[in-house]
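Take a look at the structure set out below.
It should be emphasised that the depicted structure is a prediction, and the values quoted were computed from it without experimental measurement. Side chains are part of it too, since the values below use all heavy atoms of this structure and drop only hydrogens, waters and symmetry mates.
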Amino acid sequence: MKKYSAFSLIKESFNNHFGWEKAWKKNNLKKSYKVIIVGAGGHGLATAYYLGKNFGIRDVAVIEKGWLGGGNTGRNTTIIRSNYLQEESAAIYEKSRSLYEKLSQELNYNVMFSPRGVMMLCQTEHELRAMRRTYYANRIFGVDTEMVSPARMKEMIPIININGPRFPILGGLWQPRGGTARHDAVAWGYARAISNWGVDIIENCEVIGVNKNKNKINSVETTKGTINCEKMCFIVAGSSSILAELCGFRLPVESVALQALVSEPIKPVMHCVVMANTVHGYMSQSDKGEMVIGGGADGYNNYTQRGSFQHIEETVRALIETFPFISRLRQLRQWGGIVDMTGDRSPIISKTPIENIYVNCGWGTGGFKAIPGSGWATAELIANGEPGELAAPFSLARFKEGRMIDESVAAAVAH
Amino acid sequence: MSDKLEFSNNLFTIKDLYLPGMVSIRTHLFDKKFQKIIKDILKINVPNKLEFTFNKNLYLAWMSPNELLLFSKNLNEILKLITIIEDTLKGIESLVLDVSSSRTVFSIKGSLWRELLAKGTPINLCPNKFTSKSFRRTRLGQVSTAFWMVKTDQVYIVCGRSFKEFFFKWLCNAANEKSIIKFF
Amino acid sequence: MLKFICPICEIETDETELTPGGEAHLKRMGPGSSDQNFYTYLFERKNPRGIHFERWLHSYGCGKWFHVVRCTKTMEVFGTYSAQDTKPPKKILDAIKKKLPNGKNVK
Amino acid sequence: MTSRFSKGGILINRKKKLSFKFNGKNLFGFSGDTLASALLANNQVLIGRSFKYHRPRGFVSSGVEEPNALLSIGSGGSLEPNRSATTLELFDGIEAMSQNHFGSLEWDIGSISNFLSKIFPAGFYYKTFIKPRFAWKHIFEPTIRSAAGLGKAPKEHDLSSYDFFYAHLDVVIVGGGISGLVTAKNLASLGLKILLVEQKHFFGGYALSEEFKINNLDSSEFIKNLEDDLSKNENVILKKNFSIVGVHDHSYLLGLENFEVLESEDHSSIRHRLWRIRTKHLILATGAIERPLVFAGNDIPGVILSSAANEFYKLYGISQGDRVILITNNDSAYSAVVELFNAGISIPLVIDVREKSVGELPLKVKDLGIRVEFGKAITKVLGKKRVKAVEICSIVGEGSVLETIICDSVLMSGGWTSTLNLWSHCGGKIKWDNQLNTLVPDETKQSTNELGQSFISVVGSARGQFWPSELFDNMEKVIKNICEIFNLKKIKYEKYQIKEIIHEKTSPISCVPESADENLKGKSFVDYQNDVKLTDLRIATQEGFESVEHLKRYTTLGMATDQGKLSNINGIKILSHLVGKEINEVGTTTFRPPYTPISLGSIAGEARKELFKPIRKTPMHKWHQENGAIWEPVGDWQRPYTYLRNNETKEEAVYREVKNTRNSLGMLDASTLGKIIVSGNDAGEFLDLIYTNMMSTLKPGRCRYGLMCNENGFLFDDGVVARLNEKTFLCHTTTGGSDRVYSWMEEWHQTEWWDKKVFIQNLTEEYAQITIAGPKARLLLEKLGGLNVESKKFQPLDFIEGKLGNFDVRVFRISFSGELSFEIATPSANGEALWIRCLELGSELGITSYGTEALHIMRAEKGFIMIGDETDGTVIPQDLNLDWAVSKKKKDFIGKRAHERIYMQDPNRKTLVGLSLKDSTQKIPDGAYALKSGGNGAEDVLGHITSTYFSPSLDKPIAMALLKNGKSLKGQEVDIPLGSGNKLRAIVVDPQFYDIEGKRQNV
Ligand SMILES: Cc1cc2nc3c(=O)[nH]c(=O)nc-3n(C[C@H](O)[C@H](O)[C@H](O)COP(=O)(O)OP(=O)(O)OC[C@H]3O[C@@H](n4cnc5c(N)ncnc54)[C@H](O)[C@@H]3O)c2cc1C
Ligand SMILES: NC(=O)c1ccc[n+]([C@@H]2O[C@H](COP(=O)([O-])OP(=O)(O)OC[C@H]3O[C@@H](n4cnc5c(N)ncnc54)[C@H](O)[C@@H]3O)[C@@H](O)[C@H]2O)c1
Ligand SMILES: Cc1cc2nc3c(=O)[nH]c(=O)nc-3n(C[C@H](O)[C@H](O)[C@H](O)COP(=O)(O)O)c2cc1C
Ligand SMILES: [Zn+2]
């Protein structure tokens, strides 16, 4: 694999860049693999990566029905933070965030992780109290956050309207090491790394069935043929229920559309990510200059990657209230992704009723930030057949026991 | 709060009909016995689905298959009627409640009222869809409301009392003469 | 932006006047039910890509719940019926059969 | 030089001169101009800088597809960045500024990156800036970011207003070109309600600037007649400056109507109106957009689409230059040459990349004596900020220069792309047609409506039928179809006579010369705004970004503000060539709304500032407002947090309110509490299912505190239930909970227990409610008079009805403060009067009004829980020591089954305790965590603080907490780490601090 660096870039420029190789190889399917991962989104690719890196398991195929990274990984608002309230969440998201910090170097691929800081606004007394609770939880669970006053916030984000007549800003929870990353690059970077090890990434290949013997899977059916495997893990976000159905069980998830939009690009005006939960909207500015905006999810089951306009409307209203200047900007594009929402809005990294099938899903509206940590934990689960510390709380069994990991309690939206 | 809410421009006059009387009658509307009782007391029929009936000052509107709203501009008339209705309905599964204080009613005068309302509600207000008999509950400018036509150029709109100042501002904004389309 | 005919009001209602209520025809599991059954009732959803039986509330209208049969892939609505119907009416089932003769769900 | 002819220009009114500014220069145009035509009339060809390399750019088009000519318009609160000059109708006083340059437009320092373009191909940033790690954060990213964006964002508040409108229509026709107008004409007599919209400020589309005869009339005259005709028709609403921007599920359309010109004349006019439309049928007459050709220097100012040059000439009387050449792969572009030549422009050469054409137009051009070279191409365009000359080469080969021709403008045409965005927004598929050399709608995969039926028809050049004589080929079919849909008698369709123009096929070639060398490819632009060149596409595919979606994301092709209207098709043609696949195999990227960008202001509509969200006010709101209330939003309600007097701080005010209530008398506006009537023979039974405790045993005249759980067993609301009579209960809920609880009850009643005979009504707003609390409470009620409130007659948890003074009331003897307390409910209409009466009579008793914060403190002093503080959606009643309110006798209630699950029985669940601080000068911070004493880490966590206050009544800090196995910790010490790194030491106590025996409230 050709190493990426400023030097190689300059060198290639003399050669009209004819020397660059494929970022990941276009492979043909082999007859069998030790592990099959269904879904080449961020989580699937990261899982393959840590299987190879931490456990030396590289006889792996990642099967993708469309184009790599084309699911939610390729359509999210790229917010990365770990200031979660619950201990279990903080652990996996903080692990993830810390892996992000060095990911570019590790993968030799600039994923443009940008620790520009995430600001969560408090706009009611109740929210302020809830956010303080998160702040104290963060301190104990090793996540670096601080509470900031409205005045300080105004200094940090001059374009914010802290005197909104309806929901004046009472404070904020600031995570300086949160931020964003270039979403596509995360998928591409992992893909390049695992492809280099010989992991097969098979695009345009849909898993359409599984063949079981008793309570074990021995092969999967795909649109490109049958493949044998020792273990299988599906990591397909919005399509989780469909895969589960193929495997013969059901999951506590529902698929709904979550939408986002971008404005036309403008010169930099806001250097951090801002999330306003009371009015429900969040916004950051990409390195190209668009304001990247997201809000609430639809409330009905959906597989179309389109959502209802009323959510765009509500989100934009909320953000104009908080950032009046955006009123004269224009919406350039809107799109949707199908997210998998669990009963407690926390993910599932778990064994399943089938012995050698594992599942990673339920990241809902907030799993981009979790990609490295989730891949790490899932690889551990697949390799050992048992969850490690990070994954254990996120088992399917928790729903039966009533041991939910509810993040919404801190009055926070989960992005 | 007792300040009167009134607005007018060249096109519209919007007014809070301060303290009219309203009664909610919950029962099974299809019940023949009930229909007769209403006819006897109020001298009007139980309205059809999505419609209202009226008798001078009284309007009787269909809210749902088991709820009617009785409305009069005169609070005292309503207070008298409540007791009568309640007493007469004793044997019938029902719930009669004075809701005069729960809600308020705005009158909008002006022939372009359809246009004004179409700024806020997704329901079809074309004259052949929303007629002189129609009564609709809807979400209008983010507020839960119900309205009906009392004259060709006048509608009454009910909304929750606590929303009324907000809703009044919304109506005034929508009444902007500069934003007329003449759609209907 | 979806719209359904509220079977009670019998008029078209806009999504902004409705509240979605998830999968329909769930059987409530009360005290004494098994852990598995209770879990299924609370959490396990069909979540199909295709025909979905679901509940909606005409919240800004008559205030009544009703059932909708909708395809989650094409958004086609096969019909709406009362919340107190424990099974979808035959008419709707026939319409579905006509659309999907082999009984398989939409791709 | 570009300039305006002294005659001509269909759209402009030379009598009405308008002045405007560009980069501070005063310029003039005419009414009817666009800003673009007015700038061109002033020889302003250099108009902006490209995104990445800061290359000088001019106009390429005359419409919504424009990628280059983006300007900042206005200033202050009306500044609008990135506005395309080609779509802005000129009005008096426009101030326009060019964008994206450091220094002046002419001398942009940023253009250094142009020289480095070879090192910075597509995706270069993924390959570099990786090491050292800190440099990315502190040097590289800030550098990249500072180069981001085009225009500057406004800093001030937007002064414009925006409007909404809901419309229901039978047919919406998108596009006011000739096809749209003719369709409308044919449907106009059917009695259907029709809306026809045109995004531009004129009707007619391309036909307006073309010369052909239809029914023996000049096309422009024919259009004028049609427009006049239709504007008189009652069934048809004709709209200009109106763009359909989105097609959503269930045939929901979004349209943006633009009033900018009006607004410029009258500031109180609206700026935009967002139309939300439901239509039964949608007809796309959206026309087609001409494609650029890809050759070196095709982005130099002065290179322009031939159709644009033609429009600028015919509509606005503009000439692109003195010596103009054309390069084309099709016949249609020749018409511009004919026009310009006849207007006296010198045309040194027409380059046709095809081998030949015997079409009518090329022949005509030849007849005019213009030199036409077939099989040739452009090696490159010379010039930096303006075309100076072109070098000519053969179409085959690498582009060796055969000849250099001096010129100041190059017209180009790479064929046409039908505009099918709206066809696809909602799932409709499109396919490539090699014959027509454009995308066409795939009729077998259409968008469908709620009935699963297709509802979109396409007419005119949007179908790929570009020549006038073909435009109406399927019109008859469309009309018939519509008659069928609406069950109408078939109407006669009138045929149109248009003379056929003999023409040659368009060439599939879009990049010339075909094997241009790398240096030329590095200057051949596919996406102008995002500076995507031929070389970028090649590098991307070489690196494996071969899926059209990957190519887009890796190179940013088609992601600029024009969304690839010019570049997408050339992009996929090139891709198909690079990967050796058919165009249909390669596919297109997804078309997404909006078709053209729309203002965020229009999406928000009127819902801003005071109309942002509904505010609910209690009947006493005005009094609060006038008496120093600081508001606290609770749900949609505004409640007084406290009332400030004189120079008090918030804290002082709250303490005063607490003390006054405890020592003499306080009153609270409790009107926001939810009040729900549940009535019927089965009401008790029904409430037994809803509440955790037994309600059916409650006696009429009595009240009981009740809890509600969800099916997960978690506590979600609480309140006092009063049994009004045998069959009627009045359920109080929390302020935030009233609507939720009401819907909750309705839901269970309608969908699970519809056999229960009950009616439910939300009476929250019907009653104003006033809490009178404090040792002198009874005195006040006696002063009000009319009711016997003696302690024997009127016991705790009793209620009575009657007249208090002149007021109809229901009085509950319930206490949330721990004091002797009465809650008086009266119809809202009397709320304010009763409130004022209480104040008058209470003044000599020393009454004070108190707000929510005092209320919260007093309840915490008593150890009462507060939904939202002690609960957070994961707490069950048992955690809060409320077992006594959870019936063991009842077979079932919502949440009962959930409480049986393992984890709910876990002895390590967090349970409610009180905390008392050793050091009473301290206060436990809100939200703090409690650790085992001496503990530090996550493993020592016991739980969190749920409420914490300084208690003015006890003159010491108090708090409640949910701690693991809290009961077992009583008497033990715990640590509470502070933000500062210090710790507080607290003792676990019972969560009741004040008047533990409850003597005060039972007097
Ligand atoms: C609009 C939006 C905004 C968001 N914003 C944020 C945010 O700001 N921060 C954040 O942290 N998270 C955010 N998220 C959530 C985040 O995007 C997801 O949680 C995350 O990307 C999930 O990654 P994944 O790898 O699990 O799934 P995906 O990226 O969706 O990958 C799953 C893959 O599985 C493939 N697949 C499905 N079925 C099959 C099959 N049968 N055979 C083979 N392959 C199959 C799919 O094609 C897909 O490529 C957002 C999501 C959306 C939609
Ligand atoms: N000879 C050729 O090869 C050739 C090629 C292309 C066009 N033409 C000529 O162009 C004309 C085509 O007529 P037509 O009516 O089909 O197309 P048109 O391009 O003339 O008109 C389409 C109209 O739709 C409008 N429009 C597009 N999208 C819209 C939207 N979303 N909202 C609102 N308005 C929108 C456009 O502004 C345009 O005015 C004919 O006169 C034809 O001769 C000829
Ligand atoms: C963070 C982010 C930034 C984006 N910026 C742009 C942009 O500048 N221009 C654009 O056209 N689309 C932009 N998009 C949207 C994509 O074009 C695309 O809509 C999205 O990835 C979903 O894919 P789809 O529309 O092909 O289904 C952006 C998407 C994301 C996630
Ligand atoms: Zn209804």
Side-chain angles (χ1 to χ4, degrees), chain A residues 4-6 9-10 13 16-17 20 22-24 67 70 87 104-105 108-110 114-115 124-126 129 132-133 136-137 140-141 165-166 184-185 264-269 287-289 309 312-313 316-317 320-321 324-335 401-403 406 408-409, chain D residues 80-82 118-119 121 124-130 133 137 141 144-145 148-155 157-158 248 518 539 542-544 547 549-550 553 561 592-594 597-601 603-604 607-608 612-613 632-633 868 872-874 901-904 926-929 938 941 944:
Chain A
Y4 289 163
S5 67
L9 199 58
I10 294 169
S13 73
N16 287 318
H17 299 278
W20 299 118
K22 292 223 182 311
W24 64 91
W67 42 282
E87 182 178 356
S104 297
Q105 290 72 34
N108 178 234
Y109 201 94
N110 191 349
S114 168
T124 62
E125 289 287 339
H126 183 257
R129 251 176 307 206
R132 288 213 181 101
R133 179 177 164 198
Y136 282 107
I140 290 171
F141 303 132
R166 185 60 199 284
D184 295 320
E264 295 180 341
I266 47 167
K267 293 287 172 210
V269 285
D287 280 351
K288 258 175 67 216
F309 186 70
I312 301 268
E313 215 172 272
V316 169
R317 285 174 172 181
I320 288 184
E321 202 52 24
F325 86 99
I326 64 169
S327 175
R328 286 183 96 87
L329 302 186
R330 274 182 300 263
Q331 178 202 22
L332 173 59
R333 187 172 171 101
Q334 72 188 53
W335 64 93
E401 295 164 6
R403 192 175 36 78
D406 199 328
S408 58
V409 306
Chain D
E80 185 187 15
N82 302 350
K118 255 191 118 167
I119 312 177
F124 74 95
Y125 30 75
Y126 304 123
K127 301 196 177 84
T128 179
F129 308 141
I130 297 171
R133 191 152 72 86
K137 180 172 176 190
E141 200 201 8
I144 294 184
R145 294 208 80 199
L150 293 166
K152 291 199 182 87
K155 291 210 174 75
H157 286 225
D158 186 355
H248 299 256
E518 283 304 308
I539 296 167
Q542 171 193 325
E543 293 189 84
S547 149
E549 299 287 3
H550 282 146
R553 284 154 178 85
T561 60
R592 293 275 189 186
I598 61 173
S599 61
L600 294 176
I603 297 176
R608 51 175 67 214
F612 170 48
K613 262 196 175 155
E632 175 176 9
D872 62 9
T874 64
R901 289 177 298 183
I902 311 175
Y903 187 61
M904 303 300 184
D926 263 324
Y929 270 62
V941 170
H944 69 278

Under a 4.5 Å heavy-atom cutoff, which of [options] has the most pairs with chain D?
| options | result |
| --- | --- |
| R328(A), Q334(A), R129(A) | R328(A) |
| S104(A), A137(A), G70(A), A185(A) | A137(A) |
| A6(A), G289(A), G402(A), P165(A) | G402(A) |

Is the backbone of [Y] close enough, under 3.5 Å, to the side chain of [X] for a donor and an acceptor to pair up by distance?
| X | Y | result |
| --- | --- | --- |
| K127(D) | Y109(A) | no |
| H126(A) | P633(D) | no |
| R166(A) | K613(D) | yes |
| R317(A) | A604(D) | yes |
| N82(D) | I266(A) | no |

Between [X] and [Y], what is the shortest heavy-atom contact and its length?
| X | Y | answer |
| --- | --- | --- |
| F325(A) | P154(D) | CB-O, 3.2 Å |
| F141(A) | A938(D) | CD2-CB, 3.5 Å |
| Y929(D) | Y136(A) | CD1-CB, 3.8 Å |
| P268(A) | R145(D) | CG-O, 3.0 Å |

| task | Kindly indicate, with the supporting measurements, whether the criterion side-chain contact (heavy atoms from CB on, under 4.5 Å) is fulfilled by T128(D) and N110(A). | result | CA-CA 7 Å; T128(D) 179; N110(A) 191 349; over 6 Å; no
Check whether [X] gets within reach of chain D through its side chain, its backbone, both or neither, counting any heavy atom under 4.5 Å.
| X | value |
| --- | --- |
| E313(A) | both |
| D184(A) | side chain |
| T124(A) | side chain |
| L329(A) | both |

| So what's closer than 4.5 Å to chain A heavy atoms on K152(D): side chain, backbone, both or neither? | both
| note | The interface call for Q542(D) against chain A, heavy-atom contacts under 4.5 Å, is both
| said: With heavy-atom distances below 4.5 Å as the criterion, would you say the side chains of P81(D) and E264(A) are in contact? | reply: no
If you round to the nearest 0.5 Å, how far is [atom2] of [Y] from [atom1] of [X]?
| X | Y | atom1 | atom2 | value |
| --- | --- | --- | --- | --- |
| L150(D) | K267(A) | CG | NZ | 6.5 Å |
| H944(D) | I140(A) | NE2 | CD1 | 11.5 Å |
| E125(A) | D926(D) | CD | CG | 8.5 Å |
| W20(A) | E543(D) | CH2 | CD | 7.0 Å |

| request: Report the C-alpha distance between T561(D) and R330(A) in whole Å, list the side-chain angles of each, state the deciding distance to 0.1 Å, and finish with yes or no for side-chain contact (heavy atoms from CB on, under 4.5 Å). | output: CA-CA 9 Å; T561(D) 60; R330(A) 274 182 300 263; over 6 Å; no
| query | For E401(A), what residues pass the salt bridge (Lys or Arg N to Asp or Glu O under 4.0 Å) criterion, not counting sequence neighbours? | reply | R403(A)
| remark: From the list P597(D), P594(D), P593(D), side-chain contact (heavy atoms from CB on, under 4.5 Å) with Q331(A) holds only for P594(D)
| task | Answer with yes or no whether the side chains of R608(D) and S327(A) bring together a donor and an acceptor at under 3.5 Å. | result | yes
| request: Quick one: do F309(A) and I603(D) satisfy side-chain contact (heavy atoms from CB on, under 4.5 Å)? Show the steps, please. | output: CA-CA 10 Å; F309(A) 186 70; I603(D) 297 176; 3.9 Å; yes
| For the candidates I130(D), I119(D), I539(D), I144(D), which exhibits the highest count of non-hydrogen atom pairs separated by less than 4.5 Å from chain A? | I130(D)
| Relative to chain A, which of G544(D), A148(D), P121(D) shows the most heavy atom pairs under 4.5 Å? | A148(D)
